[in-house]
There are 4 protein chains.
Amino acid sequence: MSANNERGGRTFIEEARRAQIIQCAVDVIAESGYARATMAEIGKRAGIAKSVISYHFADKGELMQELVRTAVATYTQFLEPRLAAQPTAAGKICAYVTGSAEYMSTYTNMHLAVLEVAFNGLGPDGRPLTASIPLETHKPTLERILHDGQVSGELRQFDVRVMAGLLRSAVTHTMVMAQRADPDVDLDSYARELATAFALATRDRP
Amino acid sequence: MSANNERGGRTFIEEARRAQIIQCAVDVIAESGYARATMAEIGKRAGIAKSVISYHFADKGELMQELVRTAVATYTQFLEPRLAAQPTAAGKICAYVTGSAEYMSTYTNMHLAVLEVAFNGLGPDGRPLTASIPLETHKPTLERILHDGQVSGELRQFDVRVMAGLLRSAVTHTMVMAQRADPDVDLDSYARELATAFALATRDRP
Amino acid sequence: MSANNERGGRTFIEEARRAQIIQCAVDVIAESGYARATMAEIGKRAGIAKSVISYHFADKGELMQELVRTAVATYTQFLEPRLAAQPTAAGKICAYVTGSAEYMSTYTNMHLAVLEVAFNGLGPDGRPLTASIPLETHKPTLERILHDGQVSGELRQFDVRVMAGLLRSAVTHTMVMAQRADPDVDLDSYARELATAFALATRDRP
Amino acid sequence: MSANNERGGRTFIEEARRAQIIQCAVDVIAESGYARATMAEIGKRAGIAKSVISYHFADKGELMQELVRTAVATYTQFLEPRLAAQPTAAGKICAYVTGSAEYMSTYTNMHLAVLEVAFNGLGPDGRPLTASIPLETHKPTLERILHDGQVSGELRQFDVRVMAGLLRSAVTHTMVMAQRADPDVDLDSYARELATAFALATRDRP
DNA sequence: AATGAATGAGATTTCATTCAT
DNA sequence: AATGAATGAAATCTCATTCAT
């Protein structure tokens, strides 16, 4: 890898391989769980020797880090316009829930994989990173949305951190569990149910 | 272990050892994460050789299974009277959330450990058991409560499975994340905030 | 290994195994060189699985460290009485050279192995330890002997560090090379030749 | 490489590349030790891909062999006129020691590197070459000088192989160790000390 | 002449599990 | 009932080497 690793300056082919490897890692993790996602398994899935992974990523940690980075970027790009399109806080909340469901339908494995990594993966220090970075990604955004809604009088007075946390859980936990329990679940209507619940829980006038 | 394992017929000492080992596993998992909870580490914590664990449990899977069984039983015993004490659906929902917070304060490590196991552990088939048994434990109970509330006209018409799922997530995910982010968080008031949200989201008349 | 590693408190059997493993490592290194002395190779020589080595030593570094420690202690125990028996500086110098030759005949592999480790081994920091500790072991002793000889007027005025260095080299390098070139070399007479040279090079009156 | 490798018939550019690669190998080995001198590292130092090294040298063994050959040739060219300039055996001995010190000051890395290779490198058979070729290079020359000195009556009767070995060690071991211990050591005066010692140890009349 | 990419062999280390005592 | 000792499978990572371009 040598100099390439240091940010920027990567071949087209290299980018393609990295993307392919990340995708295979995503698939293996989503289908078989983090514990089974060994270098050998990922390599087998990609049809390459496991040392090829070592060639393109400094170590397993970097691979997982890149996987998470990719997933978060994809998710954010997916969600942002949908949030921006809604003028009201209620609209944004609904868009967050339904948009996440839509994302989850489109990028199922990626959504599952990033959660697996978040819960099972270890940081560089060897300690579990347990959802530290990835899952908290959108919390600041959510808190701002909720806060603005309270200021404008659209939403009632509640603890924004609690509600933001519940919103995150609804998306990264509730829906994921539902889909795991029944892969054929209709995420769309599931999300609408959740959105209704949040609308009632957050609106100002009872 | 010989014949003893097959349910029943365990010495008093045996039971004590098993309980001790489970407790040590709980502590190690809660403090250091599932990945670090090796047999050696658990044994060290218990002050015994790791082979003693193998002596009392068929394999690591059985240990984890028993850990989960214990935790679920404790949780259920803790929660049941609190639910029974509430005549209304709204009361039961509130009791579920606040009771869980109370449980989480009392049995912090157990609550954390069982989630770690649920997310990271592997089933007998080698596939991740991801929340299969443990997290779904109270879902039927919750669904019944919600359903009864709808029938009696106390609660509005929503999809009980969705709402039950969200309730489970609030307890096993939202609050846990909150505590991880800030170990000094006041779980009591956190739970009250959640309870309010659920009251608004589920009550019949707006 | 657990608690045992922490100094003291080792089983008899464990000590025996450690000694056996060290001895096998010595033999492999002396016969095939440091590069070939892999865990697998050492294990094979000892007739044990390579993981047994890991069981008794924290890592390869600790094994090498113990090997060097053992060798240095053996060498020192061998040499000390021979030095103490000589009252004069000249006698001690001669005893150092001839005693080392005798040691080398008795513990050939150990002498060779410790030099291999010194030159090829890596320290905990990953940098080569190149003879740092082991080879310098007796230099202070030599320097004191030479210094005392100068003070008493028995030896001429020379730089004691240079002469001590040359003495060390004669023993760890000249004789070793000679034996490698011809394994049947008579170390005894070889040492006597060296001793004569040093006597002439150090005595006071020409 | 095709046919070029077989001696002779190398482009000017080819020769330049080979020389550059050898020099970089020398520097890496001297500064970081043999174990760290991987193809990748040497390539990085030279600013070329590691496959370029494979292109110019059959394998790592050939590179090291060429490195040693170059170093020995340089050393010999450096030393020869200094030896020839001295008519007496004593003068040649002194010139050998001081000349080597001068060489070591001028080509520090090369001197260090060739020793590293001699001690750590493996021969074509996979066995360590341990100083076989390189370190013995000048021993015949030294033995002849010593022998001639004895015949002419200038030097006393000693075993020329032993004394030649000690002379080699003084240069390849004693001085190297001294410089490693203290990089600022004054090699010139160090060499003069050694020369005096050898003069006393070898001259005929006490 | 040069190189990026790929590869496979091999080294170290971890860990659940087994076994004789 | 307990344990120290041993084991083998598996995982990660390194490195010299090869090959198509």
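A, B, ... follow the sequence lines: proteins, then strands. Residue 1 opens every chain.
What separates CZ of A:Arg18 from C1' of E:dG4 is a distance of 15 Å, to the nearest Å. If you take CD1 of A:Ile48 and C1' of E:dG8, they are 14 Å apart, rounded to a whole angstrom. Between A:Lys44 atom NZ and E:dT7 atom C1' there is a gap of 17 Å when expressed in whole angstrom units. Atom CG of D:Leu63 is separated from atom C1' of F:dC15 by 15 Å (rounded to the nearest Å). Regarding B:Glu15, its CD atom lies at a distance of 11 Å from the P atom of F:dA1, rounded to whole Å. One can place CD of B:Glu62 at 15 Å from C1' of E:dA16, the figure rounded to the nearest angstrom. Taking atom CD of residue C:Glu14 and atom C1' of nucleotide F:dT3, one finds them 13 Å apart after rounding to whole Å. Rounded to whole angstrom, the span from the CZ atom of B:Phe57 across to the C1' atom of F:dA1 amounts to 15 Å.
Closest of all the heavy-atom pairs between C:Glu41 and C:Val28 is CG-CG1, 4.0 Å. The two atoms that bring C:Glu62 and C:Phe57 nearest to each other are OE1-CA, 3.1 Å, heavy atoms only.
Distances from the side chain of D:Thr38 to the nucleotides E:dA5, F:dA16, F:dG4 place F:dA16 closest. Of the candidates E:dT7, F:dG4, F:dA2, F:dG4 carries the atom nearest the B:Ala49 side chain, counting heavy atoms from C-beta on.
In this structure, C:Ala35 and A:Val52 both approach DNA chain E, and ranking their closest nucleotides by distance from the 5' end singles out A:Val52. The residue among C:Ala40 and A:Ile13 whose nearest nucleotide of DNA chain E lies closer to the 5′ end is A:Ile13. Between A:Ala37 and C:Gly47, the residue whose closest nucleotide on DNA chain F is further toward the 5' end is C:Gly47.
Evaluation of the side chain to side chain contact (heavy atoms under 4.5 Å, CB included) rule for C:Arg36 yields C:Ser32 as partners, not counting sequence neighbours. For B:Ala35, the side chain to side chain contact (heavy atoms under 4.5 Å, CB included) partners two or more places apart in sequence, or in a different chain, are A:Leu122. Contacts of C:Gln20 classified as side chain to side chain donor-acceptor pair (under 3.5 Å), with partners at least two apart in sequence or in another chain: C:Arg17. Here C:Thr70 pairs with C:Ile22, C:Thr74, C:Met110 under the side chain to side chain contact (heavy atoms under 4.5 Å, CB included) rule; sequence neighbours left out. Qualifying salt bridge (Lys or Arg N to Asp or Glu O under 4.0 Å) partners for C:Glu66, counting only residues two or more places apart in sequence or in other chains: C:Arg18, C:Arg69. Under the salt bridge (Lys or Arg N to Asp or Glu O under 4.0 Å) criterion, B:Glu15 pairs with B:Arg10, not counting sequence neighbours. Remark: A:Gln23 engages A:Asp27 in a side chain to side chain donor-acceptor pair (under 3.5 Å) (not counting sequence neighbours).
Between E:dG4 and A:Arg10, no contact under 4.0 Å exists linking OP1 or OP2 to a side-chain N or O. The shortest distance between the side-chain N/O atoms of D:Arg17 and the OP1/OP2 oxygens of E:dA2 is below 4.0 Å. The side chain of D:His56 contributes an N or O atom lying less than 4.0 Å from OP1 or OP2 of E:dA2.
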Side-chain polar contacts of residues 42-51 of chain C - donor-acceptor pairs under 3.5 angstrom, sequence neighbours left out - could you list them?
from    : atom 1 : to      : atom 2 : distance (Å)
C:Arg45 : NH1    : C:Glu31 : OE1    : 3.4
C:Arg45 : NH2    : C:Glu31 : OE1    : 3.0

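Between the side chain of C:Glu116 and the main chain of C:Gly33, no donor-acceptor pair closer than 3.5 Å is present.
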For D:His56 and D:Val52, what are the C-alpha separation, side-chain angles and deciding distance, and is it a side-chain contact (heavy atoms from CB on, under 4.5 Å)?
CA-CA 6 Å; D:His56 286 284; D:Val52 179; 3.6 Å; yes

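At a threshold of 4.0 angstrom between heavy atoms, the contacts of D:Ile53 with the nucleic acid are absent.
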Encoded 5' to 3' (Watson-Crick or G-U under 3.5 Å; [ ] crossing; | other strand), DNA chain F becomes .||||||||||||||||||||

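Remark: nothing in residues 21-29 of chain D comes within less than 4.0 Å of DNA chain F through any heavy atom.
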Below 3.5 Å is the cut-off: list the nitrogen or oxygen pairs between protein and nucleotides 17-21 of chain E, distance only.
from   : atom 1 : to      : atom 2 : distance (Å)
E:dT17 : OP2    : B:Lys60 : N      : 3.0

